[in-house]
Amino acid sequence: MTSIPLYAQLINLCAAVILLLGFAMLAQRRVIQLVDLFALQGFMLFLSTLVMAYKTGQHHLFYSAGLTLALKVILLPLILHRLIRQLHIKAEVEAMVNIPTTMLIGIGLVIIAFNVATPISLLSSTIARGTLGIALATVMLAFLTMITRRKAITQVVGFLAMENGLFLAATSATYGMPMVVELGIALDVLVGMVILGVFFFQIRDQFDSLDIHHMEKLKER
Amino acid sequence: MTFSTSGLLGQLFAILLALVLAPLLTGWVNQCRAWLQNRSAPPLLLPYHMLHKLFHKDVVLAHGASSLFRAAPFIVFGCMVLAAAIIPSLSTDLPFAPAADALALVGAFGLARIFIALAAMDVGTSFGTLGGRREMLIGFLAEPALLMTIFTMAMIAQSTSLATIAETVAHRELVIYPSIAFAGLAFTMVSFAENARVPVDNPATHLELTMIHEAMILEYSGRHLALIEWAASLKLYTYSCLGLALFFPWGIAERDNFMAMITALPILLVKLAIGGALAALLETINAKMRIFRAPEFLGTAFLLAVLGLLVRLLLEARV
């Protein structure tokens with residue numbers, strides 16, 4: 001048994017923590033803590049990208065690490081916290097399925113993701129190809145977070161977490177996307193966040209609630 | 001299989017040590033807890049005085065108590081002594097250990113749990129029944145998590161024998177395994193639930209609505225109660241030793257190295273003291289949760305253990 005080099009251990013550790021945070025977000029009942037968990041996930045992503053950038057010496061990975069830190073750890077959580085304050089959201093997030101069941105579904109998704117990713121990751125030659133499965137699992141867990149929640153704001157946090165998973169997949173499989181693409185995605189996420197923020201106010205004004213179930217009754221006349 | 005004399009001596013010494021040290025560990029945890037909560041601490045040797053007092057008292061049996069009620073304390077105590085015999089605490093050279101691996105150990109804990117729950121229901125008081133049912137609820141959620149934790153470590157060591165696991169973990173180079181961290185976290189949560197400690201049950205309470213372990217043993221008195229209290233201390237001790245053997249086995253004596261046991265003893269004492277203090281700290285900073293939150297707590301432990309297993313398969317197995 002050959003020993004795993006230290007940087008790969010660190011990346012694996014970061015990836016494992018990201019996966020754990022994905023589950024924590026799935027189980028979290030309060031909106032504010034959910035945003036904090038999202039920020040923490042972004043921070044772990046930043047750390048793993050930094051380690052990978054340092055090891056491989058790829059400059060654009062440093063930029064994307066910086067971008068992750070600025071956007072996902074600082075800016076987006078700030079915007080979300082402000083939105084939560086302005087919208088006076090204090091109530092607990094109500095999940096559609098109870099939490100232990102959601103967690104069990106989550107475990108099932110992780111098993112699927114790991115099985116799907118193993119053959120793909122064998123094709124890759126990067127140092128952190130093992131984490132591809134974790135990236136896929138993070139995407140699936142974020143999906144599940146979006147599906148099982150009723151409030152618009154938690155769905156947005158789930159969406160952002162999904163972007164975290166995609167970013168991890170990109171760095172672990174191919175050392176990140178080209179700079180232009182990455183900048184484009186970052187801007188998209190930011191602009192999307194701003195637009196969704198406006199939407200929240202519109203939805204609340206219209207329905208007096210952020211529960212998107214009210215929107216199912218909308219019909220074209 | 002051959003029994004070496006030193007192995008047998010070591011085995012007997014380990015069992016005796018468990019019997020003697022277990023109440024001390026309980027006393028130490030209680031003392032740390034009292035300090036952290038700004039109370040004046042009970043004396044360290046209080047559990048021994050309790051046992052001494054209880055052994056000299058007469059047994060009062062409830063009307064309608066069957067022989068099961070009288071046999072249960074002995075069975076529970078026997079299970080805990082068996083558990084103490086097969087968990088490597090001082091040395092991995094345990095002649096009794098091949099008789100039962102980690103899975104049988106979980107079975108021994110399960111047997112003890114079933115008998116104490118049955119005995120609690122035997123007398124027919126409502127508290128006993130309530131306690132027994134709650135204990136089984138906690139048990140059926142905690143056991144899979146404990147098994148998953150042990151499976152994770154067994155996969156690393158390629159064996160379910162506790163002695164082999166301890167040796168493998170002690171000998172491998174220092175590598176960061178996320179799976180071990182997950183398993184360790186899950187094990188900590190399970191051991192708090194299993195030992196009737198604070199987030200799930202409060203060992204000091206006699207408030208009717210919250211107690212689990214205390215509700216089951218309300219009807220016991222005299223030497224029966226002493227045996228059950230001793231068994232509870234032994235359970236705490238065996239869980240601590242199991243945790244140390246699985247996750248921090250450094251300093252444990254190896255096969256054919258009888259002299260190493262001399263250094264292993266102080267190391268074990270230091271590790272137990274630190275572990276007990278940490279347990280008291282965790283108990284202090286956590287609040288007792290509602291019984292209906294316990295499934296969520298133990299579900300999280302199960303989740304962590306399964307994640308540890310999966311992460312082990314994905315990230316570490318093929319290297």
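Just so we're on the same page: letters track the sequence lines, and every chain starts at 1.
- Of all non-hydrogen atoms in A/M103 and B/T300, the two that sit nearest each other are CE-OG1, 3.9 Å.
- The local environment of CZ in B/F247 is crowded, with over 12 non-hydrogen atoms from other residues, nucleotides or ligands closer than 6.0 Å.
- B/R113 meets the salt bridge (Lys or Arg N to Asp or Glu O under 4.0 Å) test with B/E135, B/E143, B/E194; sequence neighbours excluded.
- Residue-environment remark: CZ (A/F62) exceeds the threshold of 12 foreign heavy atoms within 6.0 Å.
- At a threshold of 4.5 Å between non-hydrogen side-chain atoms, the residues A/F114 and B/L313 do not count as touching.
- For a heavy-atom cut-off of 4.5 Å, chain B lies close to A/L104, A/I107, A/V110, A/I111 in residues 104-112 of chain A.
- Residue-environment remark: NZ (B/K288) exceeds the threshold of 12 foreign heavy atoms within 6.0 Å.
- Every side-chain contact (heavy atoms from CB on, under 4.5 Å) that A/A65 has, sequence neighbours left out, goes to A/F46, A/T49, A/L50.
- For B/F109, the ring pair (Phe, Tyr, Trp, His ring centres under 6.0 Å) partners at least two apart in sequence or on another chain are B/Y239.
- For chain A, the nearby parts of B/L310 are the backbone and the side chain; heavy atoms of each come within less than 4.5 Å.
- Residues A/G133 and B/L314 approach most closely at CA-CD2, 4.1 Å, considering heavy atoms.
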